[in-house]
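First listed ligand is number 1; within each ligand, the first listed atom is number 1. No hydrogens, no waters, no symmetry mates; every other heavy atom, side chains included, goes into these values.
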Amino acid sequence: MSLPALTLALQAAQLSSRELSSCDLLDAVLGAHAGRGDEANAVVGLRAEAARAEAVEADERLTRGEPLSRIDGIPVLIKDNMVQRGEETTCASRILEGFVSPYDSAAVTCLREAGAVIVGRSNMDEFAMGSSTENSIHGPSRNPWDLERSPGGSSGGAAASVASGLVAGALGSDTGGSIRQPAAFCGVVGMKPTYGRVSRWGLVAFASSLDQIGPLARTAEDAAILLGILAGHDPRDSTSLAEPVPDYCSALDGDVRGLRIGIPKEFFEAEGADPVVLEVVREAIAELERAGAKTLAVTLPHTPYAIAAYYLIATAEASSNLARYDGARYGHRSKKARTLSEMYTLSRSEGFGTEVKRRILLGTYVLSAGYYDAYYRKAQQVRTLLRSDFEKAFEVCDVIATPTSPEVAFRIGEKSDDPLKMYLSDIYTVSANLAGIPGISIPAGFAHELPVGLQLLGRSLDEATLLRAADTFQRRTDHHAQTPRGWLR
Ligand code: GLN
């Protein structure tokens with residue numbers, strides 16, 4: 001097993017026993033990246049020198065026996081939509097090319113304070129809009145299980161780098177599934193915390209009422225370690241929750257006896273879902289039953305409207321959030337512009353990619369006078385109904401189990417000409433964002449020799465139960481330990 005193939009927990013153990021140094025780990029990541037490591041096109045910016053300085057400092061702390069946290073000295077990646085002082089943040093968009101942040105995002109501050117070594121930024125769909133990481137100025141990321149296939153998106157670079165063994169942990173963002181679906185496609189763990197659990201300060205906004213940062217890793221334990229570092233109140237994000245952060249790692253006791261798992265029939269009857277994927281998910285749920293959990297049927301009757309509501313609300317918020325990219329302050333300014341209005345038009349036309357333009361147009365339309373009531377207000381009403389569906393379900397169950405995606409990783413190019421097809425593939429993930437509840441995707445097994453994800457959804461702020469169930473499953477199975485052939489781990 002090569003160094004980066006170790007989990008975060010194992011890396012921490014080897015750092016504290018001094019078998020390894022932080023510089024060793026960094027060398028391994030950089031070496032792997034220079035070798036086969038980036039055939040997946042998962043990393044868009046390496047900060048080798050700055051990371052080296054951080055690793056040297058971490059080694060000094062570790063030698064003194066003063067580690068700052070369980071990830072002190074461990075290399076991780078952030079997604080290219082989280083700003084870091086002095087570093088470029090492009091959001092995989094031409095419009096932000098060359099934009100260097102003057103400050104650190106809250107997530108980066110948390111990582112820094114914990115002593116993590118931020119080795120660079122991972123590839124993504126432009127402004128996190130997409131489900132395949134194909135909408136990137138850096139070119140598509142590829143799935144380590146099959147390079148012809150997509151790693152999912154929009155945090156596809158993060159999932160691919162964890163799956164390939166380049167790093168053991170990475171941060172993603174999830175507005176409608178962008179952590180969980182790539183985790184499922186790449187056979188890793190991905191968690192979207194409760195809305196407000198992790199500060200969005202310094203996360204480039206896509207849809208502010210849905211966006212949430214979370215961890216990708218190989219094990220539930222590693223996800224728990226990262227979430228513990230990220231979670232907590234931040235007065236700079238007005239939607240951040242002032243709630244105490246439990247010790248997520250101590251929740252992992254391997255015991256799910258009596259846990260009530262709700263099975264929503266709507267999620268298993270979705271049109272177009274691959275029956276082989278559904279079977280793998282059913283079998284994973286059966287494993288949790290064998291561990292002592294109880295299953296029961298629940299209903300989430302408004303599920304068929306979730307995609308429509310999501311794509312109305314997300315595009316509306318995006319059209320407003322992206323109004324700031326006009327050539328005046330951030331990023332790209334057209335050289336051809338002669339007047340102020342040409343500066344706006346040309347900078348935006350040249351700077352945004354097709355999918356982002358499509359969303360701005362849709363979002364502007366649904367917010368415009370005359371259409372607002374028909375679309376935007378209706379979508380908000382559906383959102384309330386979806387939320388109350390979950391509240392009712394959680395009166396009788398503790399977690400809800402579903403597939404993460406209706407299919408395994410699709411081929412690059414397979415859906416890129418058909419936005420509707422792409423949007424429909426988010427059917428299982430968007431509801432959690434609309435309801436604000438936490439969700440985790442864990443490797444459940446394989447279909448067509450590709451990874452399948454089991455999604456567990458929980459009550460608001462109950463990430464601990466999701467992590468405990470995920471960890472219990474991983475103690476009993478080895479799907480997460482399977483590795484794509486020919487890669488690092
Ligand atoms: N695939 C969804 C979209 O395109 C979700 C993206 C995300 O979670 N950032 O909007």
Side-chain angles (χ1 to χ4, degrees), residues 78-82 91-93 107 122-136 140-141 150-159 170-185 190-193 195 198 200 203-216 306-319 321-322 352-363 366 379 383 404-407 409-410 414-416 418-441 453 455 457:
I78 58 171
K79 184 172 171 178
D80 195 22
N81 58 354
M82 299 165 191
C91 282
S93 181
S122 61
N123 201 3
M124 58 184 279
D125 285 298
E126 184 176 1
F127 284 102
M129 296 175 193
S131 315
S132 68
T133 317
E134 291 170 285
N135 308 328
S136 165
S141 288
S150 165
S154 64
S155 311
L171 302 193
S173 67
D174 190 313
T175 304
S178 277
I179 291 175
R180 291 160 287 154
Q181 181 255 25
F185 278 16
M191 176 172 240
K192 180 200 92 74
Y195 183 74
V198 175
R200 292 181 295 111
L203 170 71
V204 179
F206 161 12
S208 311
S209 77
L210 303 162
D211 298 340
Q212 192 57 197
I213 291 175
L216 291 105
I307 285 283
Y310 170 80
Y311 276 96
L312 292 168
I313 293 169
T315 55
E317 293 185 17
S319 80
N321 273 327
L322 271 57
F352 290 132
T354 312
E355 181 60 25
V356 173
K357 284 181 185 154
R358 181 180 294 124
R359 305 235 184 164
I360 293 173
L361 287 172
L362 283 169
V366 306
R383 184 174 190 172
T404 307
S405 166
E407 59 198 345
F410 46 82
E414 194 177 319
K415 293 182 201 270
S416 40
D418 189 344
L420 196 58
K421 225 176 175 182
M422 191 73 93
Y423 297 171
L424 288 173
S425 68
D426 299 331
I427 173 78
Y428 296 138
T429 47
V430 295
S431 301
N433 301 76
L434 289 165
I437 59 172
I440 191 168
S441 178
Q455 175 176 245
L457 302 173

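- Every residue two or more places apart in sequence or in another chain that forms a ring-ring contact (aromatic ring centres under 6.0 Å, His included) with Phe410 is listed here: Phe185.
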Sub-3.5 Å pairs, protein N or O with ligand 1 N or O:
unit_1: ligand 1; atom_1: 1 (N); unit_2: Gly130; atom_2: O; d: 3.0
unit_1: ligand 1; atom_1: 1 (N); unit_2: Ser131; atom_2: OG; d: 2.8
unit_1: ligand 1; atom_1: 1 (N); unit_2: Asp426; atom_2: OD1; d: 3.4
unit_1: ligand 1; atom_1: 1 (N); unit_2: Asp426; atom_2: OD2; d: 2.8
unit_1: ligand 1; atom_1: 4 (O); unit_2: Gly130; atom_2: N; d: 2.9
unit_1: ligand 1; atom_1: 4 (O); unit_2: Tyr311; atom_2: OH; d: 3.3
unit_1: ligand 1; atom_1: 4 (O); unit_2: Arg359; atom_2: NH1; d: 3.3
unit_1: ligand 1; atom_1: 4 (O); unit_2: Arg359; atom_2: NH2; d: 2.7
unit_1: ligand 1; atom_1: 8 (O); unit_2: Thr175; atom_2: N; d: 2.7
unit_1: ligand 1; atom_1: 8 (O); unit_2: Gly176; atom_2: N; d: 2.6
unit_1: ligand 1; atom_1: 8 (O); unit_2: Gly177; atom_2: N; d: 3.3
unit_1: ligand 1; atom_1: 8 (O); unit_2: Ser178; atom_2: N; d: 3.0
unit_1: ligand 1; atom_1: 8 (O); unit_2: Ser178; atom_2: OG; d: 2.7
unit_1: ligand 1; atom_1: 9 (N); unit_2: Ala128; atom_2: O; d: 2.8
unit_1: ligand 1; atom_1: 9 (N); unit_2: Thr175; atom_2: OG1; d: 3.4
unit_1: ligand 1; atom_1: 9 (N); unit_2: Ser178; atom_2: OG; d: 2.7
unit_1: ligand 1; atom_1: 10 (O); unit_2: Tyr310; atom_2: OH; d: 2.7
unit_1: ligand 1; atom_1: 10 (O); unit_2: Arg359; atom_2: NH1; d: 2.8

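- Put simply, the side chain of Tyr311 reaches to within 4.5 Å of the side chain of Arg359, judged on heavy atoms.
- Asp426 and Ser131 share a donor-acceptor pair across their side chains, judged by distance under 3.5 Å alone.
- Side-chain N/O atoms of Thr133 and Ser141 include no donor and acceptor closer than 3.5 Å.
- By the 4.5 Å heavy-atom criterion applied to side chains, Glu355 and Asp125 are not counted as neighbours.
- A donor-acceptor contact under 3.5 angstrom links the side chains of Ser93 and Glu126, judged on distance only.
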